[in-house]
Amino acid sequence: MTTLQLAIVCVSVLTLAAIVVAGRSATGAPPAPPATASLGDRVVVHTLDQRSIRGTLDALGGGVVTLRDAAYLEDGQAHPLGGEIRVPARNVAFTQQLDA
């Protein structure tokens with residue numbers, strides 16, 4: 001790899017990093033649920049590590065999305081989870097609202 005090619009790769013990586021950082025909130029975390037989701041709505045939280053958790057949106061704040069009556073979704077199956085499930089907002093890729 002020539003010096004010019006290496007420089008182009010470095011600039012590309014830095015540009016991509018700047019785009020990712022610009023898309024995050026002031027706390028450094030991506031926005032958790034969409035603005036239309038309200039407490040009590042049924043949602044599916046999709047995480048950056050490719051996991052999906054369905055539950056009732058119970059609380060937002062402190063960099064955490066809290067779900068109750070939650071289930072871990074895997075291979076078309078729902079596995080119930082007991083108690084409150086707290087997902088760090090920084091680990092949320094996107095949230096799907098099930099209630100319309």
Side-chain angles (χ1 to χ4, degrees):
M1 185 176 280
T2 69
T3 304
L4 178 60
Q5 289 171 324
L6 184 58
I8 291 170
V9 168
C10 288
V11 168
S12 298
V13 169
L14 290 174
T15 301
L16 181 59
I19 290 169
V20 168
V21 168
R24 294 180 179 263
S25 68
T27 63
T36 58
S38 300
L39 296 183
D41 284 353
R42 297 288 294 166
V43 297
V44 177
V45 175
H46 301 277
T47 65
L48 294 174
D49 55 357
Q50 307 300 310
R51 300 177 195 278
S52 298
I53 303 168
R54 182 184 63 217
T56 301
L57 186 58
D58 195 43
L60 296 171
V64 176
V65 177
T66 304
L67 302 174
R68 61 180 159 77
D69 302 321
Y72 175 65
L73 305 177
E74 179 182 46
D75 299 327
Q77 303 254 345
H79 306 280
L81 301 169
E84 284 186 342
I85 304 302
R86 296 182 182 132
V87 181
R90 70 179 174 275
N91 193 34
V92 174
F94 67 97
T95 303
Q96 177 183 1
Q97 184 176 355
L98 300 178
D99 295 335

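As the structure is a prediction and not an experimental result, all values here were calculated from the model. Residue indices begin at 1 and follow the sequence shown.
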Arg42 and Asp69: CA distance, side-chain angles, deciding distance, side chain to side chain contact (heavy atoms under 4.5 Å, CB included) verdict: CA-CA 9 Å; Arg42 297 288 294 166; Asp69 302 321; 4.1 Å; yes

Donor-acceptor contact present, side-chain Asp41 to main-chain Ser38, <3.5 Å: yes

For Asp75, all residues meeting salt bridge (Lys or Arg N to Asp or Glu O under 4.0 Å), sequence neighbours excluded: none

Partners meeting side-chain hydrogen bond (donor to acceptor under 3.5 Å, both in side chains) with Asp58 (sequence neighbours left out): Arg68

Shortest non-hydrogen contact from Ala70 toward Ile85: CB-CG1, 3.6 Å

Under the side-chain contact (heavy atoms from CB on, under 4.5 Å) test, residues paired with Ala78 that sit two or more places apart: Arg54, Ala71, Leu73

Stepwise side chain to side chain contact (heavy atoms under 4.5 Å, CB included) test for Val92 and Val65: CA-CA 9 Å; Val92 174; Val65 177; 4.3 Å; yes

Val43/Leu98 under side chain to side chain contact (heavy atoms under 4.5 Å, CB included): CA gap, chis, key distance, verdict: CA-CA 5 Å; Val43 297; Leu98 300 178; 5.7 Å; no

Closest non-hydrogen atom pair between Thr56 and Gly40, with its separation: CG2-O, 3.4 Å

For Tyr72 against Ile53, the heavy-atom pair lying closest together: CD1-CG1, 4.4 Å

Identified side-chain contact (heavy atoms from CB on, under 4.5 Å) counterpart of Val45 within the set Asn91, Leu57, Leu67: Leu67

